[in-house]
K.L.:
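Pasting a structure below so you can have a look.
For ligands, and for the atoms within them, numbers begin at 1 and follow the listed sequence. Because the structure is a prediction, the values reported are computed rather than measured.
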Amino acid sequence: MEVHPPKAGKKGGIKNPSFKVLANNTNSQINIHIPYGGVFPSLAKREHLRNLPILLEKTLREANSPSPSRRGLERGCVDLITVTYGPGLEPSLWTGIVFAKELAEKWKVPLIPVNHMEGHIFSVFINKNRKKFPISNVKFPILSLLISGGHTELVLSKKWMQYEIIGETVDDAVGEAFDKVARMLGLPYPGGPEISKLAEEERKKIKNLPFSLSRPMLHSKDLNFSFSGLKTAVLYLIRDLGGLENINEKTKMQIALEFENAAIECLVHKTQKALEKYKIKTLIVAGGVSANQHLQNEMKNIISKKIKILFPKKDLTGDNSIMIGIAGYFNYIKNKKKVPKLTSIKATGNLRL
Ligand code: KG4
Ligand code: ZN
């Protein structure tokens with residue numbers, strides 16, 4: 001992925017950035033991990049190693065295509081490289097970092113390390129035609145609900161690129177719970193979209209469900225979440241209903257619906273509490289789980305007219321390189337174009353905002 005630097009004149013900087021996406025490619029490994037019911041770390045690393053050069057060449061060809069003299073692996077119009085260094089699985093992060101460092105050295109361009117979660121925050125500002133970046137009229141304070149396969153956190157920002165985690169999961173991430181419950185129901189990985197599909201179908205038909213699940217930590221005084229107990233409650237429910245082999249499609253859909261209702265209710269309730277407590281003006285909901293339609297509907301329901309709510313476009317809810325490019329650009333500007341030494345960039349699995 002390439003992002004144009006700010007244009008000369010009024011455009012540019014943190015307040016009025018100008019971007020043009022020249023090419024954007026993602027290589028999903030989902031099909032490879034399906035048999036394991038989740039990401040298999042050593043396989044992920046091997047696939048990254050294999051795919052990165054192919055993906056780079058394809059992307060550069062597309063980005064450089066207006067200029068016929070530039071082809072393949074030439075630097076072309078790249079002025080800056082950004083790479084995520086955490087949080088995540090360190091072997092996979094290292095693969096990206098080593099690859100990016102080699103390129104930065106070869107092309108003699110700066111390399112900016114980016115926090116993956118900061119990338120998700122910036123993903124909401126990329127609009128459909130990917131030309132405008134409406135950031136200048138965003139009002140503070142901002143609350144970001146970041147929900148993915150590895151994270152569930154509420155982040156408060158009183159100014160750009162300043163973050164305070166005010167609530168988070170004490171055990172499993174919400175995306176992880178979706179994936180695990182999907183597995184219990186015999187649905188393929190990643191489970192979020194599968195559960196959500198079943199739940200949506202059933203939601204149209206039914207008013208009262210024959211069973212209910214707990215809403216862990218719903219009434220705790222803090223802004224934290226817990227999803228491990230909810231997942232275990234589904235396990236016991238399936239057992240009490242006679243095991244998966246004795247559950248028909250209708251019951252499966254009802255379980256998916258009640259699980260989705262419970263998980264989303266926890267997210268919405270704590271978000272609402274945080275909105276009131278911190279007098280929030282802008283709510284950002286991002287990360288893979290933000291694709292969930294029920295969540296989007298419920299969040300819109302609790303928002304007063306004074307609060308602006310922002311979600312990523314559907315194709316940018318999951319991990320993507322545009323968000324890392326844009327977050328990297330903002331870091332570059334914020335640090336007055338000072339760049340870290342290549343040797344100081346290290347994979348940091350448990351990196352926090
Ligand atoms: O942000 P992401 O693409 O990767 C991580 O950084 O983890 O998030 C992936 C997670 C997976 O757990 C997946 O099941 C979940 O997002 N997800 C969903 C939906 N689409 C993806 N969860 C609920 N409903 C969805 N529609
Ligand atoms: Zn992510």
K.L.:
State which residues pass ring-ring contact (aromatic ring centres under 6.0 Å, His included) with Phe225; sequence neighbours excluded, sorted by chain then number.
P.N.:
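Residues passing ring-ring contact (aromatic ring centres under 6.0 Å, His included) with Phe225: none at all.
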K.L.:
Tell me, do Leu213 and Val234 make a side-chain contact under 4.5 Å, heavy atoms counted?
P.N.:
yes
K.L.:
Please determine if Pro190 has a nitrogen or oxygen closer than 3.5 Å to a nitrogen or oxygen of ligand 1.
P.N.:
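Checking ligand 1 against Pro190, no N or O pair falls under 3.5 Å apart.
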K.L.:
Going by the atom numbers of ligand 1, which of them fall below 4.0 Å from some non-hydrogen atom of Gly175?
P.N.:
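So the atoms of ligand 1 that pass are 12 (O).
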K.L.:
Out of Ile147, Ile195, Val289, indicate the one that has the non-hydrogen atom closest to atom 15 (C) of ligand 1.
P.N.:
Val289
K.L.:
Are Gln254 and Phe211 packed together at the side-chain level, in the sense that at least one heavy-atom pair is separated by less than 4.5 angstrom?
P.N.:
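Yes - at least one pair of side-chain heavy atoms lies under 4.5 Å apart.
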K.L.:
Give the contacting part of Asp319 toward ligand 1: side chain, backbone, both or neither, where contact means a heavy-atom distance below 4.0 Å.
P.N.:
both
K.L.:
Side-chain contact test, heavy atoms from C-beta onward, threshold under 4.5 Å: evaluate it for Asn25 versus Glu62 and give yes or no.
P.N.:
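Yes, side chains in contact.
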K.L.:
For ligand 1, which atoms have a heavy atom of Gly318 less than 4.0 angstrom away?
P.N.:
3 (O)
K.L.:
Closest N/O/S atom of Asp319 to the Zn ion (ligand 2), by atom name?
P.N.:
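It is OD1, the N, O or S atom of Asp319 closest to the Zn ion (ligand 2).
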K.L.:
Tell me every residue that passes side chain to side chain donor-acceptor pair (under 3.5 Å) with Gln272, counting only those two or more places apart in sequence or in another chain.
P.N.:
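With neighbours one apart ignored, the set is empty.
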K.L.:
So, Glu202 and Lys197, do they make that salt bridge, N to O below 4.0 Å?
P.N.:
no
K.L.:
Do Gly149 and ligand 1 have an N or O pair less than 3.5 Å apart?
P.N.:
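There is such a contact, yes.
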K.L.:
Does the residue His120 have a heavy-atom contact with ligand 1, meaning some pair of atoms that are separated by less than 4.0 Å?
P.N.:
yes
K.L.:
I need the atoms of ligand 1 closer than 4.0 Å to a non-hydrogen atom of Gly150, numbered in the order shown.
P.N.:
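So the atoms of ligand 1 that pass are 7 (O).
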K.L.:
Round to 10° and report the angle made at the Zn ion (ligand 2) by NE2 of His120 and NE2 of His116.
P.N.:
100°
K.L.:
side-chain contact (heavy atoms from CB on, under 4.5 Å), that's the test. Do Met117 and Ser144 meet it? Break it down for me.
P.N.:
CA-CA 10 Å; Met117 303 316 286; Ser144 301; over 6 Å; no
K.L.:
Could an N or O of ligand 1 be found under 3.5 Å from any N or O of Gly288, whether backbone or side chain?
P.N.:
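Right, the criterion is met.
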K.L.:
Among all protein non-hydrogen atoms, which one is nearest to atom 12 (O) of ligand 1, and what is the separation to 0.1 Å?
P.N.:
Asp179 OD2, 2.8 Å
K.L.:
Determine, using heavy atoms of His116 and all atoms of ligand 1, whether some pair is separated by less than 4.0 Å.
P.N.:
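Flag set, His116 near ligand 1.
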K.L.:
Give the residue, atom name and distance (to 0.1 Å) of the protein heavy atom nearest atom 24 (N) of ligand 1.
P.N.:
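Minimum-distance protein heavy atom for atom 24 (N) of ligand 1 reads Asn292 ND2, 3.0 Å.
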K.L.:
Would you mind checking which non-hydrogen protein atom is closest to atom 18 (C) of ligand 1, with the distance to 0.1 Å?
P.N.:
Gly192 CA, 3.5 Å
K.L.:
Would you mind reporting whether Met253 and Lys205 have side-chain heavy atoms less than 4.5 Å apart?
P.N.:
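Yes. Closest side-chain heavy atoms under 4.5 Å.
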K.L.:
Would one find an N, O or S atom of His151, in either backbone or side chain, under 2.8 Å from the Zn ion (ligand 2)?
P.N.:
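Not a single backbone or side-chain N, O or S atom of His151 is under 2.8 Å from the Zn ion (ligand 2).
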K.L.:
Could you walk me through whether Tyr278 and Leu223 pass the side-chain contact (heavy atoms from CB on, under 4.5 Å) check?
P.N.:
CA-CA 12 Å; Tyr278 294 95; Leu223 294 169; 4.0 Å; yes
K.L.:
With the side chain counted from C-beta on, respond yes when Ile284 and Phe311 share a heavy-atom pair under 4.5 Å apart, and no when they do not.
P.N.:
no
